[in-house]
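Just so it is clear: chains get the letters A, B, ... in the order the sequence lines come, proteins before strands, and each one is counted from 1.
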Amino acid sequence: MTVPTDGPWLDDAAGRLIRPYTVSGGRTRPTAELDLMSLVMATGAASEMYYGPEHSEALGLCQGPTSVAEIAGHLRLPAVVTKILLSDLMDSGAVTVRPPHNFDNPSDCSLLEAVLDGLRRQL
Amino acid sequence: MAYDDSSDPFPTPFPTALKVLVAGGFGVGKTTFVGSVSEIAPLSTEELLTQVGADTDDLTGVELKTSTTVAMDFGRITLDERHVLYLFGTPGQERFWFMWDELCRGALGAIVLADTRRLENSFSAVDFFEQRGIGFVVAVNEFDGSFRYDPEEVRAAIDLRPDVPVVLCDARIASSGIRTLVTLVQHLLTALPVADAADTAVSSGVVPDDGAA
Ligand SMILES: Nc1nc2c(ncn2[C@@H]2O[C@H](COP(=O)(O)OP(=O)(O)OP(=O)(O)O)[C@@H](O)[C@H]2O)c(=O)[nH]1
Ligand SMILES: [Mg+2]
């Protein structure tokens, strides 16, 4: 089974059109909870499974901790499809994932201080 | 036990991922802003409209047809070895704003860009963040040839609460964007309910108030 090589095409009225079903092997929901900001990193463990070129490409993109959003951007695939690919890689142990820090604790002053210091260093 | 940043269960090299939203009306400079402050080439991340829209097409049958996507600008700033800040430029068109709810989850705060030629276009973004209690600053993106307003005039025109900062910015210049982010974080710090928040805004090793764990 191969993934068709014809790329995405454009629709003037809205965004890009794609066939998500093809890339994700027929599944339309991720098997793990992944956020756009979850950080994914390859473990280096050799995987027995071969999925498809997109999986290899995704794996190649996360040699260091890389966000799901960034991987999706580079793959030029919608976030939901990227999450399915990454879930496969998680299931096979090829990647590990760190969930994002949800800033819901308004007293998390030290975190804001770290952000402020980091931003000031950019100036 | 709750997720706690100080006893980090994830060893290096995993940093803590944080996010800030960049919002505003159509054509106000969101893509430009994210691109100029980002350390990586501007990327766009897409969501399927069919996936996220509650009252749009159901996901059932998605395999049979193509799906429309909506793009979000995406950028990154590595703050230090342990913290990385992600910027998401929200879709400008109001018909895509239902996506913001998901993007808002866990965000530190937001920057609302305003174009003085069309200030009314930033009303809805301001309302949106006010209603959700998300801290934000308004950054007036001064386009060439547009009338120069004083920040206080902008505040009056969009009926902003007195504590919300209004700054001038040029979205094309990285340092201008970074300064806007600095203003946002300072605002978030002063808005903290903790009594000593304003004093600790001077950077130092701050001990979290519940650090007794
Ligand atoms: N003079 C000036 N021009 C700007 C500034 N920021 C953006 N522009 C220009 O304004 C135009 C629109 O900017 P974008 O960054 O694409 O705006 P946007 O908010 O992403 O637009 P949509 O995604 O379509 O809603 C571009 O041609 C930019 O070069 C600014 O600060 N000053
Ligand atoms: Mg844009």
Exercise. Would you indicate whether the side-chain heavy atoms of Pro100(A) and Leu39(A) approach each other to under 4.5 Å?
Key: no

Exercise. Side chain from CB out, backbone as N, CA, C, O: work out which of these in Leu85(B) comes under 4.5 Å of a heavy atom of chain A, or both, or neither.
Key: side chain

Self-check item: Minimum side-chain heavy-atom gap Glu113(A)-Leu189(B) below 4.5 Å
Solution: yes

Quiz prompt | Per-residue contact mode, Leu103(B) against chain A (heavy atom under 4.5 angstrom) | solution = side chain

Quiz item: For Ala71(B), is it the side chain, the backbone, both, or neither that has a heavy atom closer than 4.5 Å to a heavy atom of chain A?
Solution: neither

Self-check item: Test item: Leu21(B) and Ile111(B) side chains (from C-beta on) under 4.5 Å apart, heavy atoms
Solution: no

Quiz prompt | Check ion pair Asp163(B)-Arg161(B) (N to O, under 4.0 angstrom) | solution = yes

Quiz item: Is it the backbone or the side chain of Thr96(A) that comes under 4.5 Å from a heavy atom of chain B, or both, or neither?
Solution: both

Practice problem: Please say which of Val138(B), Val137(B), Val37(B) ends up in a side chain to side chain contact (heavy atoms under 4.5 Å, CB included) with Thr180(B). | Solution: Val137(B)

Quiz item: Between Gly118(A), Ala114(A), Ala69(A), which has the largest tally of heavy atom pairs under 4.5 Å with chain B?
Solution: Ala69(A)

Practice problem: Check each atom of Leu43(B) against the heavy atoms of chain A and say whether the ones under 4.5 Å are side chain, backbone, both or neither. | Solution: side chain

Exercise. With a 4.5 angstrom heavy-atom cut-off, could you sort out which part of Ile77(B) is near chain A: side chain, backbone, both or neither?
Key: side chain

Quiz item: For chain A, which of Val182(B), Asp80(B), Leu184(B) has the most heavy-atom pairs under 4.5 Å?
Solution: Val182(B)

Self-check item: Chi angles and distances behind the side chain to side chain donor-acceptor pair (under 3.5 Å) call for Asp73(B), Ser44(B)
Solution: CA-CA 5 Å; Asp73(B) 306 306; Ser44(B) 128; 6.0 Å; no

